[in-house]
Each structure stands twice: as C-alpha cells, then as structure tokens.
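Report on the structure given below.
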Amino acid sequence: MQQLKDRQGRQTIAIFVLVVGMACMFTAVVTDHWAVLSPPVVRFNETCEAAHFGLWRLCKKHIYITEQNYEKGHGCGPISLPGDENCTYFRHFNPGQDAEIFEYKTQKEYNISAAAISIFSLAFMILGSLCLLGSCTGKGKGRDYLLKPAGMFFAFAGICAFISLEVMRQSVKRMIESEETIWIAYYYAWSFACACSGFVLLFLAGIALLVLSMPQMPRNPWETCMDAEPEQVE
C-alpha cells in the first residue's frame with residue numbers, strides 16, 4: 001500500500017513538471033525573442049537597426065546610439081534600448097512568393113522547418129494532455145494504461161522541441177556567416193531559453209512518467225517463483 005502511494009506521488013511530481021514544460025514550450029512558440037541580431041555600428045549619435053525574431057515573425061528596431069551606449073567593435077543595441085519597432089510575419093506557407101527575409105532567401109527554408117517541427121511538438125503535447133485527462137477518471141491499471149502513451153507523447157514533444165532548437169541555431173549561424181547579410185553579432189534571447197527548458201522538462205518528465213507507469217519489477221529474483229501457484233500433481 002505504501003509503495004503504491006509513493007508511486008502515485010512520483011507520478012504527480014512528473015505530471016507537474018510536464019505542465020511546467022508545456023508552459024515553457026508554448027511560451028517559446030508564440031513569442032519572437034529566440035535570437036537578437038545586430039549590425040555594425042561605426043560611430044555614435046546615429047540610428048542603427050537591430051532585430052529579434054521567432055518562429056513566426058521578425059521585428060526590426062531602430063535604436064539611437066548615444067555616446068554613453070556606444071562601444072567600439074560592438075553591434076547595435078542592446079535591444080532593450082528605446083526605439084521604433086516594426087514587426088512583420090513570415091509568409092511561411094505561401095508558395096511562389098520570394099519574401100526577402102533577413103535579406104537572405106534560403107533563411108525562409110530554415111524557419112519553415114523550425115515552425116513545422118514546433119507544431120508537431122504542440123500536437124504531441126495535446127495528445128499527451130488528453131491521455132492525462134483520461135487517466136484522471138481511471139483507477140489502478142486503467143490509470144497506468146493511459147499514462148504510458150502520455151509519457152511517450154511528451155517525450156516525442158521534447159524531441160521535436162530539440163530538433164526545432166537545432167534548426168533555429170543552424171539558421172542563425174548560417175545567417176551570421178553569410179556575406180549577404182548585415183548582421184555581425186547575435187545572442188539567443190529568453191524565448192530560446194524557454195524552448196530549451198521545455199525540451200529538457202518534457203523529455204525527462206515524459207520518460208519518467210513512462211517508467212513509473214510500467215508494471216513494478218520484483219525486488220528479488222525469487223519473489224516471482226515464490227508467488228507462483230504450485231503445480232497440481234496427478
């Protein structure tokens with residue numbers, strides 16, 4: 001009885017961690033602070049254009065660099081400085097349109113991939129949540145039966161989040177290295193951190209929930225033999 005309560009307590013902790021992971025991943029998907037890009041700044045008392053972007057839109061911000069904010073060799077920013085901001089949504093799924101995103105056409109392909117994979121991550125989270133809701137109405141074996149696919153769905157959601165993060169990282173890397181863009185400096189912002197947290201929490205807690213919902217193995221190898229019914233001798 002005590003073992004059953006301990007097991008249910010661990011399952012509750014894993015579910016709570018999954019809820020936090022879902023919140024982090026959802027926040028990352030709907031916000032546009034995955035990466036911040038900066039062009040070079042030659043001198044102060046001029047306006048420069050920094051940018052931050054996410055999976056769905058790009059925001060460019062005109063920042064006036066004063067003598068106090070100017071650092072030789074550094075890019076435009078920080079992005080938190082006041083300035084006029086203009087945001088445009090990526091035209092991901094409109095074929096035939098040559099949108100010049102980041103002044104680099106192939107950049108669009110990376111964002112399409114990252115956005116599509118993030119949608120798969122959200123879909124797996126929804127399926128896992130439905131299994132969790134179904135497990136709330138069940139008891140005993142019926143509850144554990146639904147927790148198994150829930151754990152698998154959340155682990156898959158974490159894997160998709162990781163792939164989306166890697167695609168976005170390669171996107172930023174290629175953009176900085178390209179001679180066709182004006183950006184010379186970058187850093188990953190808080191939306192990227194939310195996605196990283198979501199990946200870790202979803203994957204680890206999903207695996208933990210899957211393991212906790214499995215049938216408990218005997219502590220000693222002879223317990224199974226001792227619990228077996230004796231054979232009838234004719």
Side-chain angles (χ1 to χ4, degrees), residues 9-37 51-59 79 89-90 92-93 101-102 106-136 144 146-177 183 185-214:
R10 295 190 188 100
Q11 289 176 348
T12 303
I13 294 173
I15 292 172
F16 175 77
V17 174
L18 286 170
V19 172
V20 177
M22 284 190 289
C24 291
M25 192 60 201
F26 182 77
T27 302
V29 170
V30 300
T31 53
D32 46 36
H33 284 77
W34 284 60
V36 177
L37 308 172
H52 63 87
F53 69 97
L55 298 172
W56 313 106
R57 69 175 185 171
L58 164 71
C59 295
I79 198 71
Y89 284 90
F90 299 147
H92 284 307
F93 306 106
I101 302 172
F102 307 117
T106 57
Q107 178 63 27
K108 185 175 181 179
E109 299 176 2
Y110 282 92
N111 276 83
I112 289 174
S113 301
I117 296 169
S118 69
I119 291 175
F120 279 110
S121 180
L122 292 179
F124 281 127
M125 287 194 298
I126 292 172
L127 291 174
S129 299
L130 292 176
C131 291
L132 284 181
L133 291 175
S135 69
C136 293
D144 289 342
L146 287 174
L147 289 179
K148 292 185 186 73
M152 293 178 62
F153 285 137
F154 285 119
F156 290 153
I159 293 173
C160 289
F162 172 76
I163 297 173
S164 183
L165 282 165
E166 182 59 22
V167 171
M168 184 63 73
R169 194 181 69 85
Q170 293 296 329
S171 166
V172 175
K173 181 180 178 182
R174 185 170 180 177
M175 202 170 20
I176 294 297
E177 293 176 351
W183 317 113
Y186 73 96
Y187 63 89
Y188 298 107
W190 58 268
S191 296
F192 191 88
C194 285
C196 292
S197 301
F199 151 63
V200 173
L201 296 177
L202 288 171
F203 182 75
L204 295 182
I207 295 296
L209 187 63
L210 178 62
V211 172
L212 291 171
S213 61
M214 291 291 184

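For the single chain, residues carry numbers from 1 onward in sequence order. Being a predicted model, the structure only gives us computed values, none of them experimental.
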Shortest non-hydrogen separation from Leu201 to Leu18 and the atoms involved:
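Distance-wise, the nearest heavy atoms are O-CD2, 4.2 Å.
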Closest approach of Phe120 and Cys160, non-hydrogen atoms and distance?
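Taking Phe120 first and Cys160 second, the nearest heavy atoms are CB-SG, 4.0 Å.
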Mind checking whether [X] and [Y] have side chains closer than 4.5 Å, heavy atoms only?
{"X": "Trp34", "Y": "Val172", "result": "no"}
{"X": "Leu147", "Y": "Leu132", "result": "yes"}
{"X": "Phe154", "Y": "Ser129", "result": "yes"}
{"X": "Leu55", "Y": "Met168", "result": "yes"}
{"X": "Arg10", "Y": "Ile13", "result": "no"}

Any donor-acceptor N/O pair, His52 side chain to Asp32 backbone, under 3.5 Å
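Here the side-chain-to-backbone pair exists.
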Side-chain donor/acceptor of Thr27 to backbone N/O of Ala23, under 3.5 Å:
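It does hold such a pair.
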Specify whether Phe124 and Phe153 have parallel, tilted or perpendicular ring planes, treating 30° as the upper limit for parallel and 60° as the lower limit for perpendicular.
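Plane angle under 30°, so parallel.
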Going by the angle between their ring planes, with limits at 30° and 60°, are Tyr186 and Tyr188 parallel, tilted or perpendicular?
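Geometry flag for Tyr188 against Tyr186: perpendicular rings.
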Under the rule for side chain to side chain donor-acceptor pair (under 3.5 Å), what residues qualify as partners of Ser164, not counting sequence neighbours?
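Checked Ser164 against side chain to side chain donor-acceptor pair (under 3.5 Å); zero matches.
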